[in-house]
Colleague: 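Please see the structure below; I have some questions.
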Amino acid sequence: MGKLTIKRRREKMAKKEIIVAGILDTKGEEIKFLAERVRAAGANATILELSVGHEVGWADISLSEVVKRVGKKKEDIFALDRNAASDLIASGAIKLVDELRKAGKLDGIIAYGGSMGASIATRIMQSLPIGVPKIMLTTMASGDVSPYVGTRDICMMYPIAEAGLNKVTRQVINNAAGAIVGMASAPAMEGIAEKPLIGCMMFGVTTPCVLRASSIMEKAGYDVIINHAVGSGGRSLEELIRDGYITGVLDITTHEIGDEMLGGVLGAGPDRMTAAGELGIPQVIAPGGLDLINFGPKNTVPERLLKETDQPGRGLYEHNPTVTCIGVSMDEAYRIGEHMAAKLNAAKGPSVLCVPMRGWGACDLATPDIELGWAGPGAGPVWAADTENPNWSRRSVEYVKALKATIDRNKDNLEVILVDKHMNEPEFADLMAELLLEMLKGSWKKGNKSNLPYVIPF
């Protein structure tokens, strides 16, 4: 028997180490049962106490051990209100769990709890690297889970009830135990070459451009991660860049910046479009989707915006019963241009902003074109033609005015390219992919695309 085969068998036979966490003074019996089922599924279970009321005395890792990591004693914790106590417990547990992971004593984590237990446990889970199995059993899983999941690969599972062991909850908990052990025991991925990773952002209105550009990158030997530009997607991309996963960025869809600035519901925070620039990662950027501000159902759109829908480009678009969009105004497009220029001026690595003058997405089209994403009838709902060049979007023209007033033209690593194409035309996607490939090869130079027939002097 070969050495490699023996090693694999040993790895398969070794029991996985699962942390079972929760507030034991209120959910102790449920967490004991969860740990028992983890062991029945073939793994070792270590119970981690996150109690905020009193220490139970039977946990494998006591609350005292947890808060010792932040220089506190259990008496200090119990003298605080529950919110302040939970912050210290989470901070201590994050440090302790990181110690276990680095020591090879953590292959997965599962927790059971209500809102407080979920808040503490998922903060611990969010601190762990992508790929470490994480399951949160909580009734909060039937609502808005974004505070609990954040930008990490956390599996939220609804346990039917908040407390109590019975024929319903035992089955759910047993399934969850099997799931975390199964995740931790997943076979190693063998024979798969790890390629450099390109970060990319997509929304429905930019899909044709993203799919074509990413296909070009894949054919050139790269993997592409396509994040959904819904707020969490942009935050994830920024984190992936800072965590060292990303080699280059195709930031085609940047509308999260507009939502953040203009009150839409899909903002990604103030750090959007900063990580690549700060770390010198090559980036090719476009104003994809920045023609739209996104809201929920129509009744959630601010009244002041509904009153402006008769203005050029300010059209209303009901994508479905839960998603309503309003066009970005010309003044707002100018402000967005200033904002993005300021971010680009700080970039340390090669950075190109490509501006499609004929529209920024499927809703921003002069005439119907199913290949570009809009079937009609008529122009896209937020289209507004420029008065001097009716083939161009007036929004693009205002945006470019802001860039001209703000961008640092003296930086050799920074360029703005105006393109006489729509965002979703093949030539635009090809240009963005080609620019990034040149950056990654070290052959890109500012101005080297000026001879293309659809590139306009900036």
Side-chain angles (χ1 to χ4, degrees), residues 17-28 30-31 34-35 38 45-53 59 61 63 65-67 69-70 77 81-101 106-163 169 172-173 175-177 179-181 183-184 227 230-236 238-240 242-243 268-269:
E17 299 290 341
I18 306 298
I19 297 296
V20 180
I23 297 178
L24 305 185
D25 58 340
T26 60
K27 302 291 190 300
E30 292 84 356
I31 292 163
L34 176 56
V38 166
T46 299
I47 296 177
L48 171 64
E49 183 171 18
L50 306 176
S51 301
V52 294
I61 302 175
L63 184 73
E65 277 298 311
V66 171
V67 298
R69 268 64 183 180
V70 287
I77 300 301
D81 66 78
R82 288 170 67 87
N83 185 49
S86 70
D87 286 342
L88 287 170
I89 293 167
S91 297
I94 286 169
K95 292 183 178 181
L96 191 148
V97 164
D98 187 54
E99 292 171 15
L100 293 173
R101 181 184 66 83
L106 187 152
D107 297 303
I109 181 170
I110 187 168
Y112 184 101
S115 61
M116 179 64 79
S119 173
I120 299 172
T122 54
R123 274 183 274 178
I124 301 166
M125 293 176 187
Q126 288 176 18
S127 74
L128 291 167
I130 292 170
V132 174
K134 316 165 184 76
I135 295 181
M136 183 70 234
L137 269 165
T138 176
T139 49
M140 304 308 291
S142 190
D144 177 11
V145 300
S146 58
Y148 306 106
V149 175
T151 58
R152 279 299 191 254
D153 53 337
I154 297 172
C155 178
M156 300 284 287
M157 187 171 177
Y158 184 64
I160 308 299
E162 182 180 1
T169 57
V172 177
I173 291 171
N175 289 345
I180 192 66
V181 176
M183 290 166 69
N227 285 16
V230 292
S232 57
R235 293 194 299 274
S236 290
E238 300 297 318
E239 288 186 10
L240 288 168
R242 295 187 191 280
D243 289 345

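Heavy-atom basis, side chains included; hydrogens, waters and symmetry copies ignored.
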Colleague: Grab the two heavy atoms, one from Ser236 and one from Asn227, that are nearest each other, plus how far apart they are.
Modeller: CB-ND2, 3.5 Å
Colleague: When rounded to the nearest 0.5 angstrom, what distance separates NZ in Lys27 from OH in Tyr112?
Modeller: 7.0 Å
Colleague: Kindly compute the distance separating CE (Met136) from CD1 (Ile110), expressed to the nearest 0.5 Å.
Modeller: 8.5 Å
Colleague: Mind listing the closest non-hydrogen atom pair of Ile124 and Ala93 along with its distance?
Modeller: CD1-CB, 3.4 Å
Colleague: Sorted by first residue and then second, give each side chain to side chain donor-acceptor pair (under 3.5 Å) pair with at least one member in residues 90-99; sequence neighbours left out.
Modeller: Arg69-Glu99, Asp98-Arg101, Asp98-Lys102
Colleague: About how many Å separate CE of Met116 and OG1 of Thr26, when rounded to the nearest 0.5 Å?
Modeller: 10.0 Å
Colleague: For the pair Ser86 (side chain) and Asn83 (backbone), establish whether a donor and an acceptor sit closer than 3.5 Å, ignoring hydrogens and angles.
Modeller: yes
Colleague: Do Ile77 and Val66 come close enough that some side-chain heavy atom pair is under 4.5 Å?
Modeller: no
Colleague: Just jot down the side-chain contact (heavy atoms from CB on, under 4.5 Å) partners of Asp25, sequence neighbours excluded, or say none.
Modeller: Ile23, Ser51, His54, Val56
Colleague: CE of Met140 to CD of Glu162: how many Å apart, nearest 0.5 Å?
Modeller: 9.5 Å
Colleague: To the nearest 0.5 Å, tell me how far Leu24 CG sits from Glu30 CD.
Modeller: 10.5 Å
Colleague: If I compare all heavy atoms of Val38 with all of Ala45, which pair ends up nearest, and what's the gap?
Modeller: CG1-CB, 3.9 Å
Colleague: Any idea which heavy atoms bring Ala176 and Ile135 closest together, and the distance?
Modeller: O-CD1, 4.0 Å
Colleague: Would you check if Met157 and Val172 make a side-chain contact, meaning some heavy-atom pair closer than 4.5 Å?
Modeller: yes
Colleague: Is the shortest side-chain heavy-atom distance between Arg152 and Leu128 below 4.5 Å?
Modeller: no
Colleague: Examine distances only and state if a side-chain atom of Gln126 and a backbone atom of Tyr148 form a donor-acceptor pair shorter than 3.5 Å.
Modeller: yes
Colleague: Using only atom types and a distance under 3.5 Å, with no angle test, would you say the side chain of Thr138 pairs donor to acceptor with the backbone of Gly113?
Modeller: yes
Colleague: The test is side chain to side chain contact (heavy atoms under 4.5 Å, CB included); show your working for Ile130 and Asp243 and say whether it passes.
Modeller: CA-CA 10 Å; Ile130 292 170; Asp243 289 345; 5.7 Å; no
Colleague: Could you report the tightest heavy-atom contact between Ala141 and Met156, atom names first, then the distance?
Modeller: CB-CB, 3.9 Å
Colleague: Checking the side chain of Asp107 only, and the main-chain atoms of Glu17 only, is there a donor and an acceptor separated by less than 3.5 Å?
Modeller: yes
Colleague: Just how far is it from atom CG of Leu96 to atom CD1 of Ile89, taken to the nearest 0.5 Å?
Modeller: 12.5 Å
Colleague: How close do Ile18 and Ala184 get, counting heavy atoms only, and between which atoms?
Modeller: CD1-CB, 3.8 Å
Colleague: Can you tell which of Ile47, Leu50, Leu48 makes a side-chain contact (heavy atoms from CB on, under 4.5 Å) with Ile61?
Modeller: Leu48
Colleague: Can Arg123 and Ser119 be counted as having a side-chain donor-acceptor contact under 3.5 angstrom?
Modeller: yes
